[in-house]
Amino acid sequence: MPDKSGRHPDVSFSARAEDYIRRFMEAVEQIKPHASLVPVIIWWTEGTFTDKATGEVRKLGPRIDVGAMDTKKLSNELVVPMGGLKVAIQLPEELQSADRLKFDFVNGSFVVAGD
């Protein structure tokens, strides 16, 4: 989501991140072949989950995840090219002023580096 000046970070993806996003979208397309979906990168903030059966409380987040969103439902997401795909990013406010962001996929999780 660009700031009021229209400026937004230069976004790039590592080969591992691109591969994961492409494979994710291939799986989504098999489930919903005629949907008009784009991959979306989502930031999850910290939270907790309580298992009602056991009472166990687990901490969730923070983390970065990938989902799919109908192109008609895009609102203020930053949309960037990734090869032949467009990727929507729900960019947290604290990262909107970054000059560059690079997404990587390491040990089963997305990470982002900025400068």
Q: Under 4.5 Å between any side-chain heavy atoms of Ile42 and Phe110, yes or no?
A: no
Q: Rounded at 0.5 Å granularity, tell me how far OG in Ser36 sits from NZ in Lys72.
A: 6.0 Å
Q: Using a 4.5 Å cut-off on heavy atoms from C-beta on, say whether the side chain of Ile21 contacts that of Met82.
A: yes
Q: Which atom pair, heavy atoms only, marks the closest approach of Gln96 to Leu91?
A: NE2-O, 3.4 Å
Q: Can you tell me if Glu94 uses its side chain to pair, donor with acceptor, with the backbone of Pro92 under 3.5 Å?
A: no
Q: Under 4.5 Å between any side-chain heavy atoms of Asp10 and Leu101, yes or no?
A: no
Q: Is any side-chain heavy atom of Val111 less than 4.5 Å from a side-chain heavy atom of Ile64?
A: no
Q: To the closest 0.5 Å, what do you measure between CZ (Phe24) and CD (Glu29)?
A: 10.5 Å
Q: What I'd like to find out is whether the side chain of Glu18 reaches to under 4.5 Å of the side chain of Arg23, using heavy atoms alone.
A: no
Q: Find the distance between OG (Ser75) and CE (Met69) and round it off to the nearest 0.5 Å.
A: 6.5 Å
Q: For Arg16 and Phe105, indicate whether the former's side chain and the latter's backbone hold a donor-acceptor pair under 3.5 Å.
A: yes
Q: Quick check: is Leu74 connected to Val40 through a chain of hydrophobic side chains (ILVMFWY, heavy atoms under 4.5 Å apart)?
A: yes
Q: Does the distance from a Lys or Arg side-chain N to an Asp or Glu carboxylate O, for Asp65 and Arg63, drop under 4.0 Å?
A: yes
Q: One pair to check against side-chain contact (heavy atoms from CB on, under 4.5 Å): Val87 and Ile41. What are the steps and the verdict?
A: CA-CA 7 Å; Val87 178; Ile41 294 179; 4.1 Å; yes
Q: Should Val80 and Ile89 count as side-chain neighbours, where that means a heavy-atom distance under 4.5 Å?
A: yes
Q: I'd like to know if Arg58 and Asp51 make a salt bridge, using a cut-off of under 4.0 Å between side-chain N and carboxylate O.
A: no
Q: Which heavy atom of Asp104 sits nearest a heavy atom of Ser14, and at what distance?
A: OD1-OG, 2.6 Å
Q: For the residue pair Leu37 and Thr71, establish whether any side-chain heavy-atom pair is separated by less than 4.5 Å.
A: no
Q: Indicate yes or no: does Glu26 engage Arg22 in a salt bridge with an N to O separation below 4.0 Å.
A: no
Q: Between Thr50 (side chain) and Lys52 (backbone), is there a donor-acceptor pair under 3.5 Å?
A: no
Q: Hey, are the side chains of Phe49 and Val57 touching, using non-hydrogen atoms and a 4.5 Å cut-off?
A: no
